[in-house]
Amino acid sequence: LYNGAMPTPVLSTKLFIPPPRPSAVLRPRLSERLNEGLHRKLTLVSAPAGFGKTTLVSEWLAACARPAAWLSLDEGDNDPTRFLAYLVAALRTIAPNMGEGLLGALQSPQPPPTESVLTALLNEMAAVAEDSVLVLDDYHAIDARAVDNALTYLLEHLPPRMHLLISGREDPHLPLARLRARGQLSELRATDLRFASSEAAEFLNRVM
């Protein structure tokens, strides 16, 4: 990630899947919803802070048979070149040979155009022989149209064996209505994430 002098190394902790909490309340009804969403392109987990989005997704991944790439986003990722570099780095956690040349190109003084990077990355993603999941957590940190556009392009051309899950406090600026109309979107919202009475009782008894 070129900053005018030298490339910035990728911060590996942004790529770690948070470990499941020992005291977390298991939520099989929501895990089942997430499993059902794997048949579509995108799962959106959208709810305010405190609804347990990250915990839910990390718990689900721990039991999911698919390998998963994870990227925790922050405000610095509004730079499209940095976003793409972290996207490549996340995918390399499940496919270590993916995007080797791309990472170098993105860290050069003159990074290539976003669409050419995405096209090359999508071709490499399509060559991966197993079903996998890419999680973008805290997407509410993104407010750059260029990053939204890059993700829209990625979504439109996503290989069938790759599933994208986006988690955040508000809806991303993506063509959600179009995806919904095509049956390509699965959604979990605050109303879904609220504890059922049995889950609330378990939380009070075990956690508190």
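- Side-chain contact, Y139 with D148: a donor N or O sits under 3.5 Å from an acceptor N or O.
- Between atom CG of residue L179 and atom CG of residue L174 there is a gap of 7.5 Å, rounded to the nearest 0.5 Å.
- Formation of a donor-acceptor pair under 3.5 Å by the D137 side chain with backbone atoms of K14 is not found in this model.
- Rounded to the nearest 0.5 angstrom, E124 CD and T119 OG1 are separated by 12.0 Å.
- Within a 6.0 Å sphere centred on CD of E75, heavy atoms belonging to other residues, nucleotides or ligands number 12 at most.
- Distance alone, capped at 3.5 Å, places no donor-acceptor pair between the K53 side chain and the L193 backbone.
- One hydrophobic cluster, built from ILVMFWY side chains closer than 4.5 Å, cannot hold both I166 and F16; they sit in different ones.
- At distances below 3.5 Å, not a single donor-acceptor pair connects side-chain atoms of S116 with backbone N or O atoms of P112.
- When atom types are taken as modelled, the side chain of D77 and the backbone of F83 share no donor-acceptor pair closer than 3.5 angstrom.
- Counting only distance, with no hydrogens or angles, the side chain of Y86 and the backbone of L11 share a donor-acceptor pair below 3.5 Å.
- In this structure, CG in L176 is found 7.0 Å from CG in L42, a value given to the nearest 0.5 Å.
- Contact check on D171 versus R189 returns a salt bridge, with a Lys/Arg side-chain nitrogen under 4.0 Å from an Asp/Glu carboxylate oxygen.
- Between R40 and E187, none of the side-chain N atoms (NZ, or NE/NH1/NH2) sits under 4.0 Å from a carboxylate O, so this pair counts as no salt bridge.
- Environment of NE2 in H140: crowded, with over 12 heavy atoms of neighbouring residues, nucleotides or ligands closer than 6.0 Å.
- Between W70 and A90 the shortest heavy-atom distance is O-CB, 3.8 Å.
- Panel note: side chain R161, backbone S132; no donor-acceptor pair is recorded below 3.5 Å.
- Between V135 and L71, the closest side-chain pair of non-hydrogen atoms is not below 4.5 Å.
- When each of R178, K41, Q184 is checked for a side chain to side chain donor-acceptor pair (under 3.5 Å) with E156, only R178 meets the rule.
- Classification of R169 and D138 as a salt-bridged pair fails, no side-chain N sitting under 4.0 Å from a carboxylate O.
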